[in-house]
Amino acid sequence: MLAAILTLLTDFGLRDHYVGVMKGVILARAPHVRIVDLCHEVAPHDIHGAALLLAASYRSFPLSTVHVVVVDPGVGSARRPRAVEAPAGRFVGPDKGVFGYVLDEQPAARCVELRERRFWLPEVSQTFHGRDVFAPVAAALAVGLPLDALGPPVADPLRLASPAVEVLPDGGRRGVAIYVDRFGNLVTNIRPADLAPGPLLVEVGGQTISGLSPHYAVAAPLIALVGSLGRLEIAVPQGSAATTLGIGVGAPVAVRRKEG
Amino acid sequence: MLAAILTLLTDFGLRDHYVGVMKGVILARAPHVRIVDLCHEVAPHDIHGAALLLAASYRSFPLSTVHVVVVDPGVGSARRPRAVEAPAGRFVGPDKGVFGYVLDEQPAARCVELRERRFWLPEVSQTFHGRDVFAPVAAALAVGLPLDALGPPVADPLRLASPAVEVLPDGGRRGVAIYVDRFGNLVTNIRPADLAPGPLLVEVGGQTISGLSPHYAVAAPLIALVGSLGRLEIAVPQGSAATTLGIGVGAPVAVRRKEG
Amino acid sequence: MLAAILTLLTDFGLRDHYVGVMKGVILARAPHVRIVDLCHEVAPHDIHGAALLLAASYRSFPLSTVHVVVVDPGVGSARRPRAVEAPAGRFVGPDKGVFGYVLDEQPAARCVELRERRFWLPEVSQTFHGRDVFAPVAAALAVGLPLDALGPPVADPLRLASPAVEVLPDGGRRGVAIYVDRFGNLVTNIRPADLAPGPLLVEVGGQTISGLSPHYAVAAPLIALVGSLGRLEIAVPQGSAATTLGIGVGAPVAVRRKEG
C-alpha cells in the first residue's frame, strides 16, 4: 500500500521546535506517512497569505493528500478546529479562513468540526494545538480514518473576505497587490478573466506598463504578466518590483484598455 | 520492518550545503531511514539553545528515533564525540552540553565515546565532523548497530550549566529569559513547580503582569503564561514581547505572590 | 526495490509555494521517491553559487540519485532545459552553467536536451518550468526512464566561466573569494594543489595570516584553512570573517611562500 502524503503549512518558522515536534507526533501515529513541508514562513498570523499559498499548491499533490494548515492567531480562544474533505484533497486546521480559496474552488467539499478528543493527544495544551490537536487528527486521516469520525458536520465553514476587483467607469479594473514573493514580484488579486482582450495598460506605483510579458526574462525595467499563481503580477526582471516601486501588499493596481 | 526515524538539529542554517551533505551520507548508509529536520537555525555555536530545542522535541518522537545534534564550536579541537542511549531515544553529537537536559530527564541514559573509526567515513576531515563522524554513526545506529559497538562507556557526560532560578527573600522567584522564539515570546527558566499557588505578579522589563493567562489569545498588551516548552513565557498577543520590551536572552524575570 | 533519491537545489527560498508545488508534482508521478532538500536559499539568480553547492554535495549521495537544480534567471526565454547522466549521479535543470563543476569532474557525463514534451506537465507555463518541466522529468528519471528518452544528445553543455587562480611573479597565487557561508567563512577558488609546500602567508582584506590552521577551533583572530569544500577558506574562529574584514565574494586573496 502506498503511504499517504501529508503536507504542512504554518507560520511557525524554522528556527524553533514547533514544526519538528508536529512531525514527531505525526510519525509516531502514522509511521508510513510522507511529510512534505509546504511552507513554514507564512508571516505570523497572516491568514490570507496562508490561504493563497494553500490554493497555489494543493492541486499539485495526489488527491489523497492530507494538508495541515496551522496559522492560528487565536489558539486557545473560542475557535473552530476543522477538517475538510474535497475531491482534490483533505485539509485540517483552525478555521480562520485559511481554507477560503479551497472551499470556493471545491464546492463538493464537506467540513466537520473536530470534537472527538480521542483522536487528539491525551493532554491538550491551550497554546500548541498544532501538536495536540491538528497533528494527531491529520495522522489519523492519513492512515484511513473517515472524516465523519472526527466530529459533527459544519454547514458554514469560514469563507475568506478577499479583496474584490473593482470595475472602473472606463471599463478597466482596479485590484490590489495581495502577496509579495521572495523575488519581489507583486501578485495581485486580478485574474486573467478580469482582463479585457486586446492591448492593455497596467498602472502601479506611479508607473504605467504597456502590455503583458509572456515571462520574466524580458529586457524591460518593469513588466506585468500572469504568473504561476494564475494572477496578474508586477515584476522587475532580475530585480524586485516591491523594492523598486517601494510598495507591498495592499498597493492598488489598475488595468485599462490601451487607447487605439 | 518499519524504517527508523533520524532527526537533525544543527546550527548549519539552510543556505549552505552542510545539511544536504549530511543527508546524503546518511541515506547512502541507511537507505530506509526517514530523516526529519528538527531545526537548523540554532544561532551559530549556541549550545544552550540547541539543548533546549532538543529537550522540547525528543519526547514527541518514537522511542527508537536517533537524534543527531551538531552544534560544535570546537570542531577539530580536543572534544568529545558521543552517543547516548536512553529509554526515550538515542542521541549522537559532540558532547559540549547539548544533551544536558536529556541527561537530566533520562537518568537511565548510557553514554559512549565515539572511537571506533570503522563506523566513520574513511577519510575524516578536521572541519566537518557532522558529515564525517556523526552522520555515518547515526546511520549505523538507525540500521541496528548496538551502542556499545561505537566505543567505550563514558561515566560523566557533560551536564549543562543552565541558569538557576533564585529564591527571593519574600519567597518569590527570580529567573531569566533563556530563549526567544519566532513570535518574540520570551521563554524563561522558571517552571510551573517554581510558582507558588495563588495570585501572582510577574515583573519583566520594567512592567508588572498580574496573573497567568491560559493562552496567547488574550486582549492584553503583555501577558505571562506557561507555554509549550513547559516554562513561564512572556508574550505580547499578536505582537513580539522581545521587541516591545526591548529585551532578550538573559533578561531577568521575577515572580512574586500578589499581596491580598 | 529501494526508492530513488531526488534532491532539490533552487533559488526559490522557503517562504513561497514554489518548492512545495515541485514536491507535489514529483510525488504524484514518483510516489516512492525520497526527496531531499539540498538548498533553496541560493541567492536569486546566482548560477555560480548553485554550481558550487551542487559540486560540494552530489558525491555524498548514492550514485542513482537524481539532482534537480533550478536557478534560472532566463525562465521562459531562449534557454536550454537539460538532463545529464554521469557515473556519480543524474542531473536535471536549465543549463545556465549550474552543471559546470560536475561536468569538469565527470568527463564521462552525457547530456541531452529536454524536448520530449510527453514527460512534461500537459500544460507548460512560461514562468515556472521547475514545476512544469524539471519536476516531472526528474520524477520520470527517478522511476527508471532512460536519459535518451528525454531528447537528443547535446555535445556542448555549458561550462562555467569560474574565476581562474593567477600565478604571481614571485611564484605565489592570487585568487578570489567565491562564496561566503552562514558562518561568514570566505571560501576562495584556491585549491590545495595551488599551494606550494612549506610555510605560507595568506593576504586578504589588508591582513596577513601566517600558515594554515588544521581546523576552526584555533585561538587566533583570523585564520586560513582548507575547508569542507576542498578550497582555501578564511575564517574568524567563533566569528565571521566576512563581517570582520568587511569583504565578500570577489575579494582578492593572495598566497605567498613565507621567506626564510
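Chain identifiers are assigned alphabetically (A, B, ...) following the order of the sequence lines, protein sequences preceding nucleic acid strands; residue numbering begins at 1 within each chain.
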_Quick check for you: to the nearest 0.5 Å, what is the distance between B:F183 atom CZ and A:Y18 atom OH?_
6.5 Å
*Compare all side-chain heavy atoms of A:V21 with those of B:F61 and state whether any distance is below 4.5 angstrom.*
no
_Using 0.5 Å steps for rounding, measure from the OG1 atom of A:T10 to the CZ atom of B:R182._
7.5 Å
*Of the backbone (N, CA, C, O) and the side chain (C-beta and beyond), which part of B:I5 lies under 4.5 Å from a heavy atom of chain A, both, or neither?*
side chain
*Residues in side-chain hydrogen bond (donor to acceptor under 3.5 Å, both in side chains) with B:T244, at least two apart?*
none
*Minimum-distance pair of heavy atoms, taken over all atoms of A:A28 and B:P62*: CA-CG, 3.9 Å
*asked:* Heavy atom to heavy atom, less than 4.5 Å: which residues from residues 116-124 of chain A reach chain B?
replied: none
*Rounded to the nearest 0.5 Å, how far apart are CG of B:D37 and CG of A:D37?*
7.5 Å
*Member of B:N185, B:D181, B:V187, B:L229 meeting the side-chain contact (heavy atoms from CB on, under 4.5 Å) criterion with A:D16*: B:D181
*Roughly how far, to the nearest 0.5 Å, is the CZ atom of A:R15 from the CG atom of B:L14?*
13.0 Å
*For chain B, which residues from residues 39-50 of chain A lie under 4.5 Å away (heavy-atom distances)?*
A:H40, A:E41, A:V42, A:A43, A:P44, A:H45
*chain A heavy atoms under 4.5 Å from B:L63: which part of the residue, side chain, backbone, both or neither?*
neither
*By a 4.5 Å heavy-atom criterion (distance strictly below it), what part of B:L9 contacts chain A: side chain, backbone, both, or neither?*
neither
*B:Y58 portion near chain A, given a 4.5 angstrom heavy-atom threshold*: neither
*Backbone N or O of B:S60 within a donor-acceptor pair of the A:R131 side chain at under 3.5 Å?*
no
*asked:* Heavy-atom pairs under 4.5 Å with chain A - which of B:P237, B:G13, B:S57 has more of them than the others?
replied: B:S57
*Among all residues two or more places apart in sequence or in another chain, which pass the ring pair (Phe, Tyr, Trp, His ring centres under 6.0 Å) test with A:H17?*
none
